[in-house]
Number of protein chains: 2
Amino acid sequence: MSRADQPLHGDGPVTSRRERARLRREEIILIASELFAERGYRGTSLADVAARAGITEPGLLHHFGTKAGLLLAVIERRDLDSEAFAMELLGMEPADRLRALPEFARRNRDRAGLAKLFTVLAAESLEPDAPGHDHFVARYRALRAIVADTIRSAQEAGLTRAGLEPEVKAAEIIATLDGLQTQWLLDPEAVDIVAAVESYARTLERDLTGS
Amino acid sequence: MSRADQPLHGDGPVTSRRERARLRREEIILIASELFAERGYRGTSLADVAARAGITEPGLLHHFGTKAGLLLAVIERRDLDSEAFAMELLGMEPADRLRALPEFARRNRDRAGLAKLFTVLAAESLEPDAPGHDHFVARYRALRAIVADTIRSAQEAGLTRAGLEPEVKAAEIIATLDGLQTQWLLDPEAVDIVAAVESYARTLERDLTGS
DNA sequence: CCTAACTTACTTAGTGCTCGGTAAGTGAGT
DNA sequence: ACTCACTTACCGAGCACTAAGTAAGTTAGG
């Protein structure tokens, strides 16, 4: 009768029906992420996703309601990953955060799909009535706030030069990292993303400390 | 008999049939630019463009052959504008070029559509087999080369700090300006693009001169 | 200078295909 | 008995694009 009991009937693996459905949704979200990254939201059809997931189109819609619903599920799932990274960064001393940037770039390079997903979806979400618009606006505002806070706490610790405006500098830092990523995605042979981010991290350190 | 004679038959304006067709294509390209900027290449149908241009779909295809042909025409047309800007920049003394950046931002702000067009189309061209891919790759390579050359000539004039890698710094500069533009397009209320670029121009001057 | 032949900027009509989404089941699991 | 993760069958709308014609503009020949 309690809501906490687990069936755990003897045969088969320990997955309940609910759990299996959740896993299926996760799997579909992963597949949709790849396709959205490659061809964009608009360039991907439900049939594409369904075929790769080994399910029918109505089967897909049973889980996500509409195509936009699938997009939102993808974005939310991917945000959990970024959030984990943000927590990782925030767990460090402010002074160490700069040094973590190249590691971030290295990780992104090895999972180019995730980076591409965000670049593509952000561009498709510029128009105010795009399905992911509000989400990306909120995401960038939050990101700027986190970076600005980091700068502000470095200021309070007396580690920075005078004349730094945290919000403006935050936008600039995020812009540089995003922009480098776009150039690298477009032309990986011409742009070494890890070297570029390492160089930028050094530039940024000089800029922030005023040395 | 010569190929240089102009008919100039008495009635109506002095536009020949060829000239009128060229003007019509220009007009269509302008309309397509707006729609591509708003909804992307994939999100825009030939019917959308045709309706706004007051022409039928086959009428459109008569001029551009295929939808991809229309996209290439749009990109080429828009490149002429950027090229004009690049020439303007290259006409200046290297030292003045930095100071021209905020003016560039101001111009872009007042014609947000053009900025949006490039941001959207670049994102849709990340995949190697996208219709505009090769073009954007070439464009970014050329852009990096121009900026890198500017840095190099400043180096030769002894105006810069030691340890500058022109190619890497060029990618970084372009990345920052692109990224700021994306954030501004997504959330114009939260990001003041002109102020951000002005601030970045100052940062960049300190960075390049090592002061 | 007139006219017949040709070119070109379109239009109307229609092609097959793909799109996102719905209605109505079905069958296994709870 | 009921839930729910699906399936089959289907829908109208929209897609890029084609075939075939038309009417106006341009050119060449007599």
Side-chain angles (χ1 to χ4, degrees), chain A residues 1-29 32 35-36 39-74 130-131, chain B residues 1-29 32 35-36 39-74 130-131:
Chain A
M1 262 183 170
S2 83
R3 55 190 158 86
D5 51 9
Q6 288 168 299
L8 273 184
H9 53 91
D11 57 342
V14 277
T15 50
S16 71
R17 189 151 69 133
R18 252 215 171 83
E19 183 62 10
R20 253 179 296 139
R22 209 189 52 80
L23 287 174
R24 197 75 213 276
R25 268 201 304 275
E26 282 283 304
E27 194 193 333
I28 293 170
I29 287 171
L35 289 171
F36 286 169
R39 318 180 203 179
Y41 170 67
R42 286 194 267 244
T44 304
S45 69
L46 290 178
D48 293 336
V49 180
R52 271 225 216 164
I55 200 177
T56 58
E57 289 183 58
L60 255 188
L61 292 170
H62 168 72
H63 288 296
F64 303 100
T66 64
K67 192 192 178 190
L70 173 59
L71 174 65
L72 293 181
V74 163
Chain B
M1 258 182 172
S2 83
R3 56 192 159 82
D5 52 6
Q6 286 168 297
L8 273 184
H9 53 90
D11 58 342
V14 278
T15 51
S16 71
R17 188 151 71 135
R18 254 215 169 83
E19 182 61 11
R20 253 178 296 140
R22 210 189 54 79
L23 287 174
R24 196 76 211 275
R25 268 202 302 276
E26 282 283 303
E27 193 193 334
I28 293 170
I29 287 171
L35 288 170
F36 287 168
R39 318 181 203 177
Y41 170 67
R42 287 182 185 128
T44 304
S45 69
L46 290 179
D48 293 336
V49 179
R52 272 226 215 163
I55 201 176
T56 58
E57 289 179 56
L60 255 189
L61 292 170
H62 168 72
H63 288 294
F64 302 101
T66 65
K67 194 192 177 189
L70 174 59
L71 174 65
L72 294 181
V74 163

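Please read all numbers here as calculations on a predicted model, not as lab measurements. Chain letters run A, B, ... following the sequence lines, proteins first, then strands; residues in each count from 1.
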Test side-chain contact (heavy atoms from CB on, under 4.5 Å) on B:I55 and B:H62 and set out the steps. CA-CA 11 Å; B:I55 201 176; B:H62 168 72; over 6 Å; no
Minimum heavy-atom distance between A:L60 and A:L46, given as atom pair plus value: CD1-O, 3.4 Å
Please give, in whole Å, the distance from C:dG20 P to A:R42 CZ? 13 Å
B:T56 side chain near C:dT11 phosphate (N/O to OP1/OP2, under 4.0 Å): yes
I want to check one thing: is the phosphate of C:dT18, taken as OP1 and OP2, less than 4.0 Å away from some side-chain N or O of A:S45? no
Nearest nucleotide by nearest heavy atom, which residue falls closer to the 5' end of DNA chain C, B:P58 or A:D48? B:P58
When you measure only distances, ignoring hydrogens and angles, does the side chain of B:R17 come within 3.5 Å of the base of C:dT8 through a donor and an acceptor? yes
Search all heavy atoms of A:I28 against all heavy atoms of A:V49 and return the closest pair with its distance. CG2-CG1, 4.2 Å
For A:E57 and D:dA5, what is the distance between atoms CD and C1' respectively, to the nearest whole Å? 17 Å
Which heavy atom in B:L71 sits nearest to a heavy atom in B:Y41, and how many Å separate them? CB-CE1, 3.6 Å
Closest non-hydrogen atoms of B:R52 and B:R39, given as atom of the first, atom of the second and distance, are NH2-NH2, 4.2 Å
Nearest-angstrom distance from the residue atom CZ of A:R22 to C1' of D:dA5: 16 Å
Counting only non-hydrogen atoms, which of residues 60-72 of chain B are less than 4.0 Å from DNA chain D? B:L61, B:T66, B:K67
Identify the heavy atoms of A:E57 and A:A47 that sit nearest to each other, and give their distance. OE2-CB, 3.6 Å
Length of the CZ-P vector between B:R18 and C:dT8, whole Å: 7 Å
Rounded distance (Å) that lies between atom P of C:dC10 and atom CG of B:L46: 15 Å
In whole Å, I'd like the distance from the CD atom of A:E27 to the C1' atom of D:dC6. 14 Å
Within the structure, does a side-chain N or O atom of A:R24 lie under 4.0 Å from either OP1 or OP2 of D:dC6? yes
Closest heavy-atom contact between A:A32 and A:V74? CB-CG2, 3.8 Å
